[in-house]
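Just below is one structure, and these are the notes that go with it.
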Amino acid sequence: MNRLLSRKAFKAFFKLHEACCLTSTQYFLKPPRVLVNKAQYISEDRPEFPGSKSEFVHKLKFLWPEKMEGIPVYRVMNRKGEIVDPSEDPGLSKETVIKMYKDMTMLNTMDRILYESQRQGRISFYMTNFGEEGTHIGSAAALNPKDLIFGQYREAGVLMWRGFTLDQFMNQCYGSSEDLGKGRQMPVHYGSKDLHFVTISSPLATQMPQASGAAYGFKRAQNGLCVVCYFGEGAASEGDAHAALNFAATLECPVIFFCRNNGYAISTPTRDQYRGDGIASRGFGYGMVTARVDGNDIFAVYKVTKAAREICIQENRPVLIEAMTYRIGHHSTSDDSSAYRSVDEVSHWNKEDTPIARLRLYMINKGWWNDDAEKEWKRDSKKKVMEAFANAEGRKKPNPEMMFTDVYKEIPKHIQKQMDQMKQHVHAYKDHYPLDSYQKMG
Ligand SMILES: Cc1ncc(C[n+]2csc(CCOP(=O)(O)OP(=O)(O)O)c2C)c(N)n1
Ligand SMILES: [Mg+2]
């Protein structure tokens with residue numbers, strides 16, 4: 001190269017490269033492959049392997065994860081409901097904070113009633129959200145209502161914040177004829193096109209690559225919106241989680257990956273799920289902007305989600321949030337968590353650190369809430385849930401023919417045959433089926 005360039009031009013070229021190498025963090029701007037002086041040798045002596053951006057070292061040193069400091073947990077409000085650093089106070093209005101509190105407690109009340117109704121055999125299945133209400137409401141409140149949500153299954157509060165009604169929740173869980181999904185899904189598999197919430201599917205982590213794909217679409221459309229993908233720390237062990245995170249990072253998609261780390265994946269505690277520093281530590285591996293937050297602090301969750309959204313939209317890149325929390329309820333109605341964790345452990349969290357109690361203390365400190373308001377709200381919210389519950393239970397179940405519709409635009413012959421057989425069977429054995437509780441078949 002030095003033979004091709006004049007001495008003057010070469011000097012200018014070399015200076016430019018030197019500047020790049022000293023100032024740029026993007027080490028792929030490599031120094032020229034020429035030998036001029038000793039300094040040149042040093043600048044050349046960097047790893048040039050594709051994708052590498054570090055330095056050579058001449059002493060062997062392993063990286064021991066246990067010797068590294070843990071990733072810190074961002075917190076705005078302590079357990080007493082006090083703002084630790086006033087400059088971090090999101091300064092939300094009384095009206096917004098009360099809506100947050102009412103939605104969290106309404107979710108709690110709905111969970112109690114639906115959990116009990118499964119125990120009484122009135123619905124087939126249920127999953128509660130106890131202890132995780134702050135992650136739902138705090139994150140949902142920070143988003144644009146049109147941002148597209150991909151949930152896992154334990155995010156009912158996000159829908160509640162967006163305006164999914166108690167009737168809609170109940171109709172889905174009861175599989176009534178008014179259910180948006182026409183009674184075809186298990187309870188808690190909610191979805192709402194109007195509220196930009198993609199219907200839940202049971203197989204873990206399937207929503208994650210879909211979220212990356214949707215975010216890629218948003219990037220191309222330049223619509224100023226982002227995608228939010230909720231997932232559990234257990235689901236993060238699925239291969240799909242890796243595919244989703246890596247696609248989103250390399251394609252630079254505006255998606256927030258919101259991990260609810262609640263300590264358990266059914267009976268598997270985090271100690272058996274992973275050995276790294278939670279899910280947040282994986283963010284760096286993907287080259288993803290990452291933050292860890294106290295999921296029981298609704299203000300911290302709100303702030304981190306709002307900031308993450310800005311990064312997604314402004315910089316067109318994904319952000320990973322790990323919200324640390326605790327699953328106070330059993331995994332689902334099919335689970336008895338006393339088989340794998342102590343009752344003391346659960347009651348510790350329930351007594352000492354719930355997002356609801358923390359926000360209530362904040363509101364009381366502010367003079368926005370008191371015992372009378374609490375009593376009145378408890379009575380009203382329970383009444384509302386019981387009304388919706390009774391209405392859904394009283395509604396007819398969908399026409400059984402709907403089991404065979406909507407997959408194909410026109411019903412193919414083999415599916416039509418199955419529908420006819422079902423009808424003949426039900427007709428022949430009508431005394432064995434509660435046909436009065438179903439919409440009439442044609
Ligand atoms: C592919 C797949 N494997 C296993 C299951 C069974 N399963 C349902 S929920 C669950 C635990 C998920 O835990 P986590 O992601 O931490 O969410 P959490 O329930 O704690 O909210 C498992 C193993 C499943 N639904 N799908
Ligand atoms: Mg979990």
Side-chain angles (χ1 to χ4, degrees), residues 73 104 107-108 111 114-115 118 124-140 149-160 185-191 197-211 228-245 256-283 292-296 301 320-341 345-346 349-350 353-355:
V73 182
M104 286 205 286
L107 176 62
N108 207 261
D111 275 354
L114 283 173
Y115 184 81
Q118 193 283 336
S124 59
F125 176 82
Y126 195 65
M127 292 176 117
T128 62
N129 304 277
F130 301 137
E132 299 185 45
E133 300 88 350
T135 61
H136 302 187
I137 306 296
S139 57
I149 309 284
F150 286 82
Q152 180 157 306
Y153 47 64
R154 210 186 296 284
E155 293 91 9
V158 175
L159 263 174
M160 193 172 265
Q185 285 259 30
M186 277 172 81
V188 314
H189 289 56
Y190 312 112
F197 190 104
V198 177
T199 305
I200 305 296
S201 59
S202 284
L204 287 176
T206 45
Q207 81 280 17
M208 297 181 74
Q210 294 166 8
V228 185
C229 177
Y230 291 88
F231 62 105
E233 86 295 336
S237 296
E238 286 287 339
D240 271 0
H242 163 70
L245 294 164
I256 300 175
F257 286 102
F258 191 105
C259 177
R260 298 177 292 97
N261 189 338
N262 60 10
Y264 288 90
I266 313 186
S267 55
T268 306
T270 50
R271 174 77 189 154
D272 294 334
Q273 189 69 246
Y274 53 73
R275 284 295 159 91
D277 185 11
I279 307 304
S281 64
R282 299 181 201 174
R292 175 177 281 162
V293 63
D294 179 348
N296 295 346
V301 174
L320 175 65
I321 296 173
E322 184 181 24
M324 310 307 288
T325 182
Y326 187 82
R327 193 197 80 210
I328 288 175
H330 303 295
H331 168 71
S332 71
T333 46
S334 314
D335 175 45
D336 171 7
S337 69
S338 66
Y340 54 84
R341 62 181 183 178
E345 178 188 310
V346 181
W349 285 95
N350 203 11
D353 196 2
T354 68

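Start at 1 and go down the list; that is how both ligands and their atoms are numbered.
Tyr340 places a side-chain N or O within donor-acceptor distance of the main-chain N or O of Ile266, the cut-off being under 3.5 Å. Between the side chain of His330 and the backbone N or O of Ser337, at least one donor-acceptor pair lies under 3.5 Å.
At the shortest separation from atom 25 (N) of ligand 1 among protein heavy atoms lies Ser202 O, 3.1 Å. Protein heavy atom closest to atom 26 (N) of ligand 1, with residue, atom name and distance, is Leu204 N, 3.0 Å. The protein non-hydrogen atom at the shortest distance from atom 9 (S) of ligand 1 is Tyr153 OH, 3.0 Å. Given atom 3 (N) of ligand 1, the protein heavy atom at minimum distance is Glu238 OE2, 3.9 Å.
Near Gly234, with a cut-off below 4.0 Å to any heavy atom, the atoms of ligand 1 are 14 (P), 15 (O), 16 (O). The contact set between ligand 1 and Ala235, taken as ligand atoms under 4.0 Å from a residue heavy atom, comprises 14 (P), 15 (O). Annotation for ligand 1: atoms under 4.0 Å from non-hydrogen atoms of Arg260 are 21 (O). Numbered from 1 in the order shown, with element, the atoms of ligand 1 that lie under 4.0 Å from a heavy atom of Ala265 read 11 (C), 12 (C), 13 (O), 16 (O). Ligand 1 places these atoms under 4.0 Å from at least one heavy atom of Pro203: 26 (N). Against a heavy-atom cut-off of under 4.0 Å, Arg154 is close to the following atoms of ligand 1: 18 (P), 19 (O), 21 (O). Against a heavy-atom cut-off of under 4.0 Å, Gly232 is close to the following atoms of ligand 1: 14 (P), 15 (O), 16 (O), 17 (O).
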Q: Quick one: do Ile321 and Val293 satisfy side-chain contact (heavy atoms from CB on, under 4.5 Å)? Show the steps, please.
A: CA-CA 7 Å; Ile321 296 173; Val293 63; 3.9 Å; yes
**Q.** Candidate pair Trp349 and Thr354, rule side-chain contact (heavy atoms from CB on, under 4.5 Å), full reasoning
**A.** CA-CA 7 Å; Trp349 285 95; Thr354 68; over 6 Å; no
(Q) Between Leu245 and Arg282, does the side-chain contact (heavy atoms from CB on, under 4.5 Å) criterion hold? Intermediate values first, please. (A) CA-CA 9 Å; Leu245 294 164; Arg282 299 181 201 174; 5.6 Å; no
(Q) What verdict does the side-chain contact (heavy atoms from CB on, under 4.5 Å) test give for Gln207 and Ser201, after you've listed the backbone C-alpha separation in whole Å, the side-chain angles of each residue and the deciding distance to 0.1 Å? (A) CA-CA 8 Å; Gln207 81 280 17; Ser201 59; 5.6 Å; no
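Judged purely by distance below 3.5 Å, without hydrogens or angles, the side chains of Asn262 and Thr325 never pair a donor atom with an acceptor atom.
The closest approach between Met127 and ligand 1 stays at or above 4.0 Å for every heavy atom of the residue.
An N or O contact shorter than 3.5 Å links Asn262 to ligand 1 by distance. For ligand 1, one of its N or O atoms has an N or O atom of Gln152 under 3.5 Å away.
Counting just the N/O/S atoms of Glu233, the one with the shortest distance to the Mg ion (ligand 2) is named OE1.
For Glu233, heavy-atom contacts with ligand 1 shorter than 4.0 Å involve the backbone as well as the side chain.
Summarising the geometry of Ala235 relative to Ala241, their closest heavy-atom pair is O-CB, 3.9 Å, with the distance given to 0.1 Å. Closest heavy-atom contact between Ile279 and Cys259: CG1-SG, 3.6 Å.
Ring geometry for Tyr230 versus Phe258: interplanar angle of 30 to 60°, hence tilted. In this structure, His331 and Tyr153 have perpendicular ring planes: the angle between them is above 60°, well past the 30° mark.
Under the salt bridge (Lys or Arg N to Asp or Glu O under 4.0 Å) rule, Arg260 has a single partner from Glu322, Glu155, Glu233, which is Glu155.
Coordination check, Asn262 versus the Mg ion (ligand 2): passed, since an N/O/S atom of the residue sits under 2.8 Å. Put simply, Asn261 stays out of reach of the Mg ion (ligand 2), with no N, O or S atom under 2.8 Å from it.
Taking each of Ile266, Asp335, Thr268, Thr325 in turn, the one with a heavy atom nearest to atom 6 (C) of ligand 1 proves to be Ile266.
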